[in-house]
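Sequence lines set the chain letters: A, B, ... in the order given, protein chains first and strands last, and positions in each chain run from 1.
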Amino acid sequence: MATLPSEAEHPASASHSARLTDLKPRRVLACARCQQRKVKCDHKYPCATCVKSRVQCVTTQAPRRRRRRFPERELLERVRRYEDLLSQHNIKFDPLHAIAQSTEEKESSTSNLEGSYESGDEQPGIGPLATNAAIQPPTTTTTSERHRVYEAKPILHALNHEYRDCDDDDSSDDEVRQVVLQEAWDQAIENDTHLLFGWRQTVDMYTLHPQPVQIFQLWQLYLDNVNPLLKVTHTPGLQGRIINAAGNVLEINTELEALMFSIYCMAVSSLTEDGCQAAFAESKAVLSARYQLGCQQALLNSRFQRTTNRDCLTALYLYLVSIKGITTPQSLSSMLGVAIRIAQRIGIHSEAYLAKYTTLEAEMSRRLWWSLVLFDTRIGEMADSKAITLLPSWDCRVPLNVNDSDLRQEMKLRPRVQAKLTDAIFAVVRSELGDFIRHCKFHLAFFGPALRPADANAQRGTDIENSEVESYAKIIEERYLKFCDLENPLHYMTIWTTRGQIAKYQLMEHHFRYSGSPLHQAEAQRDAALSYALSMLKCNTELMSSPLTDGFIWMVYNYFPFMGYIQIVQHLKWRPLSAKADEAWRVMDENFHARRDSLNGKGIFFKLLAGFILQALTAREAAIKQAGLPWVTPQIVLSIRGSLAEIVPRADGPSPEKSLSGIDIGLLDFPMPMSSNLGHYNMGEYDELEFSGAGPYPDVPGLFPQNLDLDHLDWFAMDWNPGSDLSGGTRPKGLE
DNA sequence: GCTTTCGGACCATCAATTTG
DNA sequence: AAATTGATGGTCCGAAAGCC
């Protein structure tokens, strides 16, 4: 006999009205895998069957009970047909659909007004290529003269036009041909979607959706915590579609469904563990697993690998952002490569293609492209990717600094940028900074040497006074940051993220000038490098410690000021008692303190960070001993000592080797595997100090017992997100 | 011999309909 | 309003197939 969960266990299973069902938590169904396998499920998380099989258990919830199909729709259809016949034969009658008709007409004439749906479920696809209606004649091209337009010449076009008149440049032929070709491929190869996420499972998608109330909760969280930073969805257009979809999760088109699940994923990932429990009475792990499975399935159903639909690509992008905490940067970077390739196939990287779309579509595509590229760049840094996309090899313009409400479906021309402070300020400023950086000499030297101007090498070092980044920093401050309000969370994020990024780029530019250069760095120049590093940490501390960034903290975790730490520690080793040393220790302490929750006092990354800082500490101890000065323990050392005591139980036996600071050196002794992740980032003269063998303190034997090999340290790959599984010490192997 | 797959029996739920 | 009906949805037994 089938054994359903008892009523006591699942109060919602008692008979009551549908409205009550909506308010009460729905009963827990068999997990997705047991449903699929049709085997008994104990309805726990994880369930016994999944535990036994050692697979991820994904809980599902019963959806609102489907209303019984009402035959009225069929009757109305008949009435409509008979009315049509009456109309055709000029027979007078009282039309039942007078109201409906006028509503439809009104909708079609005003469908482009602000607040109207960008595209309903039943409307044609909204992707740039999915709808011809969205294509504008190229005469309205928005390409400005100051931008060169790069348009890849389609080889098919060239082949077909070889024997035609030069004037006969009918690009519509090409488009038709392209569509026909794609259809042919679609027919020839029915199913290749399993290549990335495996085969589609038989799990019913609607069981993975949350209740409508929760859908709106998640949507609101997304609007509060995610959308202000990424701006890859158009709120006035999307909101209506989500409201519609939430009312009937059984009939959502696959692309919108993927987008909804990716929004759920992002909303959950923007929450703290406690916040998630408070809002949804479930752990982040459980909800994330459910929505990630839903998103994967919806993406598979949308055949995302061959998609031309922007919703689908946006969903893939948001999904990838949301899984950052549970993937290695290497895997994520590979997946982002897929997303970038899809974006390029759609053409959103190119103004020549974007000119063919409506203003709204083109603008949203630009936002998506930039967001994708900037995320790919960061993950590429972490994964030590040799190929990054942030290069001057494409011409998609920076998104306009306009509000969502300034972008309307019917617009023919780009809206005029009037306000400095729009709801897209964060996305715009970081894209502008990215646009500037991708053309910088130092950036090209590190990431795109082949694209560097021929004289760039000669220029290095000779124009020391002429810092590209410094000049641009002033422009950004004048153009945007000075208008920002430090009380406004989004502005606060914009100010400190931008300044932190600029400090990082100044540091990189500094090393571009001096790395391998015959010019010797004066102390003042080294101090400048230190001040950039300190600035990186200070900006990061502002972001980490302010309550204003609570909702945006998921983004802050993406930018650990790794280079800043390296620079500071190197400086402190080189000049342990310099004038700025005390400030450097204080700044590190403040950042460490702000980061403490995310480090959580445990995990391999904490040990790495502690071991790294210990290098500077050891140099300080030696210098103080030598100078005969009194020892004052930096605050950060006390914090590390406290955290270490928590994570490493004191073993009995001979007392371990201790430094002046009281830190057990042995506790931080671990092998250093890992690939060279700083290969592209030369530390300049510090390399000399670090690896020459003699070191800066040749007369102090055994100075660096924990001398971490900075050139082989996987710092970029560290994930400081407390929600990350990786921070628990499960990776990398060999360090546990 | 163990595991997986899946047809379909069985049961719960609840909107619609009927009854009193 | 209560009882009844019947469509729909969820569970999981157990036979059959697959795998080692």
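Considering only the side chain of A:Leu29, C:dT11 comes nearest among C:dT11, C:dC12, B:dT5. Comparing B:dT4, C:dT11, C:dC12 by their closest approach to the side chain of A:Gln35 singles out C:dT11. Candidate nucleotides C:dT11, B:dG8, B:dT3 were compared by shortest atom distance to the side chain of A:Lys38, and B:dG8 ranks first. Side chain of A:Arg37, nearest nucleotide from B:dC6, C:dT11, B:dT4: B:dT4.
Side chains of A:Glu257 and A:His209: a donor on one and an acceptor on the other come within 3.5 Å. With hydrogens and angles left out, the side-chain atoms of A:Tyr317 and A:Ser371 include a donor and acceptor closer than 3.5 Å.
Centroid-to-centroid, the aromatic rings of A:Trp219 and A:Tyr222 come within less than 6.0 Å.
Distance NE2 (A:His43) to C1' (B:dA12): 13 Å, rounded to an integer number of Å. Per the geometry, CD belonging to A:Gln36 stands 14 Å off P belonging to C:dT11, to the nearest Å.
With A:Thr59 as the partner, the side chain to side chain donor-acceptor pair (under 3.5 Å) test is satisfied by one option alone out of A:Arg290, A:Lys44, A:His43: A:Arg290.
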What protein N or O atoms touch nucleotides 18-20 of chain C N or O atoms at under 3.5 angstrom, if any, and at what distances?
none

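The residue A:Cys34 sits apart from the nucleic acid: no heavy atom pair falls under 4.0 Å.
Relative ring orientation between A:Tyr291 and A:Phe261 is described as tilted, the plane-to-plane angle lying within the 30° to 60° band.
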TODO: Report the C-alpha separation of A:Thr49 and A:Arg33 in whole Å, then their side-chain angles, then the decisive distance to 0.1 Å, and conclude whether the side-chain contact (heavy atoms from CB on, under 4.5 Å) test is met.
DONE: CA-CA 9 Å; A:Thr49 317; A:Arg33 189 173 149 83; 5.6 Å; no
